[in-house]
Amino acid sequence: VLKAPASFNSWGTITIALTSSGETFTAPTIVAPLSGGTFSYALDNSALATLSGTTITPVSAGTTNMVATFTPTDTTNYETGTVTTTLTISKGGRTLSFGTTAYSKSYGDSAFTISATPSLGAGDGTITYSANGGACAINATTGVVSITSAGSCSISATISTGLNYDQVSTTTPVVVS
């Protein structure tokens, strides 16, 4: 006697954010008359997330296949079956901030270093700096600010898109008396 194959309704794509602390997904739906059994799950790329039952905890951004294997309670009449869906871990959002919200300097002050820090993914992307306005200039890679005249300027920092996190920018004012 041939065993009947296990069959499933379509299993929708699963998308979660990298910054999620873990999300529960819904198991595929088996098609009647088959009932009873258990699912187990596996990822083609286990570097992207961990699985515990029906909970996915993201580790890195990317896309992989997720395979559900169904083992029926009635193994005499039904075969084990599998169904695959796409799991996407989307890049995480983050903020970028300076240690000081505004700088007050005097014309003739020596150069100083400004530093922006991302809230997440410090090594994921490169931080660059720029100055707007005539009172200061900045080294784009080191963050060393030189006062060029009295007045005001603004310093912007941008961290580039990395493997796991999106690009973000921030700006802080500098007033030079």
Main-chain N/O of [Y] paired to [X] side chain as donor or acceptor, under 3.5 Å:
X    : Y    : result
S149 : G134 : yes
T158 : Q167 : no
T55  : G22  : no
W11  : T86  : no
T85  : G12  : yes
K91  : G162 : yes
N132 : S154 : no
T54  : T24  : no
T161 : D166 : no
S119 : T95  : yes

Over 60° means perpendicular and under 30° means parallel, so classify the ring planes of F39 and F8, tilted if in between.
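It falls in the tilted class, 30° to 60°.
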
Determine the interplanar angle of the F98 and Y103 rings, folded into 0 to 90°, and report it as parallel if under 30°, tilted if 30 to 60°, perpendicular if over 60°.
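Perpendicular: the ring planes of F98 and Y103 meet at over 60°.
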
According to a hydrophobic-cluster definition based on side-chain heavy atoms being under 4.5 Å apart (Ile, Leu, Val, Met, Phe, Trp, Tyr only), do [X] and [Y] belong together?
X    : Y    : result
V168 : L18  : no
Y107 : I155 : yes
V174 : V145 : yes

Tell me, do [X] and [Y] make a side-chain contact under 4.5 Å, heavy atoms counted?
X    : Y    : value
I127 : P118 : yes
I16  : I89  : yes
Y129 : V144 : no
C136 : V176 : no

Tell me yes or no: between the side chains of T64 and D44, is some donor less than 3.5 Å from an acceptor?
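No.
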
How about S156 and T171: does a side-chain donor come under 3.5 Å of a side-chain acceptor?
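Judged by distance alone, the side chains do pair up.
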
